[in-house]
**Student:** 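Shown below is the structure under consideration.
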Amino acid sequence: MSTTRHELLHAFDLLLAPSRFKDYAPNGLQVEGRTTVRKIVSGVTASRALIEAAIHVDADAIFVHHGLFWRGQDGRVTGWMRQRLGLLLGDDVNLFAYHLPLDAHPELGNNAQFGLQLGLIAQPGSAGRFGEQDLGFFGGRTNGESFSSATALALHVEKVLKRPVALVDPTHRPIKNIAWCTGGAQSYFEAAIAAGADAFITGEISEPQAHYAREMGVAFLACGHHATERFGAPAVAGHVAATLGLKHEFIDIDNPA
């Protein structure tokens, strides 16, 4: 089966509601390709490696969290930008990118799917959200139990993600209330503390957060930007593909960051 580029864009927009968000990237169709779409490849970032892999498997469209264009970037089409655009335009492949809307979707987004992988669930309603534009999730384990310590939580995350976690652990107590926000959300840490978190999980850590953790007695886990954001794109693209009767394949391009 197939659909049109316009119908696919409408389906993504209807699901993710990008107009609700103040974002620093254009959400939706970033590069226009062929009109008819039969297969979607999803991935985290529109890197050259992902674009080449999508072309290799005959994708008509690529769906990512990190697209090609960002507010304030150099607008010249040279170097890596020329290479990526050249591949997309040369093979007539559509590129769809959704940034904050993909983080925020309550069931299929990065935060919801990351929580699902970790066995975490957000509290209902506004109590389960925190931070700017309510992007952060706040809750605990689906079984209602606590982790015995922040170290136990970190070991659990490492097992799920299959990669090391950077842990700042001043707590020395069980961890029940957990806040999380995928990717580069270290600036949400103070909001997580204010929400009552015993631990905060995100992708990256900057210098100030280690001090905040120690001074406020709240654990901070930095688990990798790419690693924490691998789950929303395939969930959304897979859902839309199934709804429209399209083929879908997730391609994970390894990234240590």
**Student:** Do L120 and L161 belong together in a cluster built from hydrophobic side chains that touch within less than 4.5 Å?
**Tutor:**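 Yes, L120 connects to L161 through the hydrophobic network.
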**Student:** I need the I175 CD1 to E145 CD distance, nearest 0.5 Å.
**Tutor:**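 Separation between the atoms: 14.5 Å.
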**Student:** How far apart are the closest heavy atoms of A185 and F200, and which atoms are they?
**Tutor:**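 Looking at all heavy atoms of both residues, the closest pair is O-CZ, 3.5 Å.
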**Student:** Name all residues meeting the salt bridge (charged side-chain N to carboxylate O under 4.0 Å, His left out) criterion together with E132; count only those two or more places apart in sequence or in a different chain, and write none if there are none.
**Tutor:**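 Testing E132 for salt bridge (charged side-chain N to carboxylate O under 4.0 Å, His left out), a comparison that skips the adjacent residues, returns none.
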**Student:** Quick one, I40 with L8, criterion side-chain contact (heavy atoms from CB on, under 4.5 Å). Give me CA distance, side-chain angles, the key distance, then yes/no.
**Tutor:** CA-CA 10 Å; I40 307 169; L8 184 56; 3.8 Å; yes
**Student:** Do you know the tightest heavy-atom contact between R38 and S2?
**Tutor:**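 R38 and S2 have their closest heavy atoms at CG-CB, 3.6 Å.
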**Student:** Walk me through whether L15 and H105 qualify under side-chain contact (heavy atoms from CB on, under 4.5 Å).
**Tutor:** CA-CA 8 Å; L15 182 66; H105 192 276; 3.5 Å; yes
**Student:** Kindly compute the distance separating CD (Q83) from OG1 (T78), expressed to the nearest 0.5 Å.
**Tutor:**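 That separation rounds to 9.5 Å.
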**Student:** Pairs in or reaching into residues 122-141: which pass ring-ring contact (aromatic ring centres under 6.0 Å, His included), with residues at least two apart or in two chains?
**Tutor:**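 Passing the test, one end in residues 122-141: F137-W180.
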**Student:** Should we say atom CZ of R141 is surrounded by more than 12 heavy atoms from elsewhere, each under 6.0 Å from it?
**Tutor:**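 Above 12, so yes.
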**Student:** Check which hydrophobic residues are tied to Y24 through side-chain heavy-atom contacts below 4.5 Å, counting indirect links as well, and list them.
**Tutor:**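 W70, all in the cluster of Y24.
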**Student:** Sort and list the pairs that fulfil side-chain hydrogen bond (donor to acceptor under 3.5 Å, both in side chains) and have at least one residue in residues 227-238, not counting sequence neighbours.
**Tutor:**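 Pairs touching residues 227-238 that pass the test: H65-E229, H66-E229, T182-E229, H225-E229, R230-D252.
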**Student:** List the residues meeting ring-ring contact (aromatic ring centres under 6.0 Å, His included) with H6, not counting sequence neighbours, and say none if there are none.
**Tutor:**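 For H6, no residue satisfies ring-ring contact (aromatic ring centres under 6.0 Å, His included) once neighbours in sequence are set aside.
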**Student:** Excluding sequence neighbours, so at least two apart, what forms side chain to side chain donor-acceptor pair (under 3.5 Å) with E7?
**Tutor:**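 Partners of E7 under the side chain to side chain donor-acceptor pair (under 3.5 Å) test: T3, T4.
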**Student:** Check this for me: R82, atom CZ, are more than 12 non-hydrogen atoms of other residues, nucleotides or ligands nearer than 6.0 Å?
**Tutor:**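 Counting neighbours around CZ of R82, 12 or fewer heavy atoms of other residues, nucleotides or ligands fall under 6.0 Å, so no.
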**Student:** State plainly whether one hydrophobic cluster holds both F220 and V218, where clusters connect Ile, Leu, Val, Met, Phe, Trp and Tyr through side-chain heavy atoms under 4.5 angstrom apart.
**Tutor:**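 As far as the 4.5 Å side-chain criterion goes, V218 and F220 are connected within one cluster.
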**Student:** Under the side chain to side chain donor-acceptor pair (under 3.5 Å) test, which residues partner N27, sequence neighbours left out?
**Tutor:**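 Per chain and number, N27 pairs via side chain to side chain donor-acceptor pair (under 3.5 Å) with D23.
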**Student:** To the nearest 0.5 Å, what is the distance between CG on N94 and CG on L9?
**Tutor:**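 Going from the CG atom of N94 to the CG atom of L9 covers 9.5 Å.
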**Student:** Output, in order, the C-alpha distance, side-chain angles, deciding distance and verdict of side chain to side chain donor-acceptor pair (under 3.5 Å) for S42 and H248.
**Tutor:** CA-CA 7 Å; S42 62; H248 166 250; 2.8 Å; yes
**Student:** For atom NZ of K247, decide whether the heavy atoms of other residues, nucleotides or ligands shown that lie under 6.0 angstrom number more than 12.
**Tutor:**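 Count not over threshold, so no.
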**Student:** NE2 of H56: more than 12 outside heavy atoms within 6.0 angstrom?
**Tutor:**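 No - once you tally the heavy atoms of other residues, nucleotides and ligands closer than 6.0 Å, there are 12 at most.
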**Student:** Without placing hydrogens or testing angles, list every side-chain donor-acceptor pair under 3.5 Å for residues 166-174, not counting sequence neighbours.
**Tutor:**
from	atom 1	to	atom 2	distance (Å)
D169	OD1	T171	N	3.1
D169	OD1	T171	OG1	2.6
R173	NH1	G217	O	3.2
R173	NH2	D198	OD1	3.4
R173	NH2	G217	O	3.1

**Student:** One pair to check against side-chain contact (heavy atoms from CB on, under 4.5 Å): L244 and V37. What are the steps and the verdict?
**Tutor:** CA-CA 10 Å; L244 298 177; V37 176; over 6 Å; no
**Student:** Enumerate the residue pairs fulfilling side-chain hydrogen bond (donor to acceptor under 3.5 Å, both in side chains) with a member in residues 119-130, sequence neighbours excluded, ordered by first and then second residue.
**Tutor:**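 Of all non-adjacent pairs touching residues 119-130, none passes side-chain hydrogen bond (donor to acceptor under 3.5 Å, both in side chains).
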**Student:** Restricting to ring-ring contact (aromatic ring centres under 6.0 Å, His included), what partner residues turn up for F63, sequence neighbours left out?
**Tutor:**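 Result, ring-ring contact (aromatic ring centres under 6.0 Å, His included) vs F63: F12, Y98.
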**Student:** L16 and L246: same hydrophobic cluster, using ILVMFWY side-chain contacts below 4.5 Å?
**Tutor:**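 Per the 4.5 Å side-chain linkage, L16 and L246 are co-clustered.
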**Student:** Hey, could you give me the SG/CD1 distance between C181 and I201, rounded to the nearest 0.5 Å?
**Tutor:**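 Going from SG on C181 over to CD1 on I201, the span is 11.5 Å.
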**Student:** What's the verdict on side chain to side chain donor-acceptor pair (under 3.5 Å) for N111 and D103, showing C-alpha distance, side-chain angles and the deciding distance?
**Tutor:** CA-CA 6 Å; N111 286 318; D103 288 322; 5.2 Å; no
**Student:** Would you check, one step at a time, whether the test side-chain contact (heavy atoms from CB on, under 4.5 Å) holds for L118 with V157?
**Tutor:** CA-CA 7 Å; L118 296 180; V157 177; 4.1 Å; yes
**Student:** Do you know the tightest heavy-atom contact between R76 and D74?
**Tutor:**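 In this case the closest contact between R76 and D74 is NH2-OD2, 2.6 Å.
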**Student:** Would you say E158's side chain and V165's backbone share a donor-acceptor pair under 3.5 angstrom?
**Tutor:**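 Between the backbone of V165 and the side chain of E158 there is a qualifying donor-acceptor contact (under 3.5 Å).
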**Student:** What's the separation between atom NE2 in H226 and atom OG1 in T45, rounded to the nearest 0.5 Å?
**Tutor:**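 One finds 7.0 Å between NE2 of H226 and OG1 of T45.
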**Student:** Are I178 and V160 connected into the same hydrophobic cluster when the rule is that any two of I, L, V, M, F, W, Y join if their side-chain heavy atoms are below 4.5 Å apart?
**Tutor:**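 Cluster IDs for V160 and I178 match.
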**Student:** Nearest 0.5 Å please: distance from the CG atom of N110 over to the CG atom of L102.
**Tutor:**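 If we round to the nearest 0.5 Å, N110:CG and L102:CG are 4.5 Å apart.
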**Student:** For P18 versus P101, what's the shortest heavy-atom pair and its separation?
**Tutor:**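 Heavy atoms of P18 and P101 come nearest at CA-CG, 3.8 Å.
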**Student:** Report yes or no: do L29 and V240 belong to one cluster of Ile/Leu/Val/Met/Phe/Trp/Tyr joined by side chain heavy-atom distances under 4.5 Å?
**Tutor:**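 Yes, same cluster.
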**Student:** Might you point out which heavy atoms bring H156 and F147 nearest each other, and give the distance in Å?
**Tutor:**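 What the structure gives for the nearest pair is CD2-CZ, 3.7 Å.
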**Student:** Among residues at least two apart in sequence or on other chains, which ones pass ring-ring contact (aromatic ring centres under 6.0 Å, His included) with Y212?
**Tutor:**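 Partners of Y212 by the ring-ring contact (aromatic ring centres under 6.0 Å, His included) criterion come out as none, since no residue qualifies.
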**Student:** Got a sec, which hydrophobics cluster with I253, joining ILVMFWY side chains under 4.5 Å apart, including via others?
**Tutor:**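 Hydrophobic cluster check, I253: joined to V31, V41, L50, I51, I55, V57, I62, V64, L68, F69, V77, W80, M81, L85, L87, L88, L89, V93, L95, I251.
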**Student:** If you compare all heavy atoms of R163 against all heavy atoms of P256, which two are closest, and at what distance to 0.1 Å?
**Tutor:**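 Nearest heavy atoms, R163 then P256: NH1-O, 3.1 Å.
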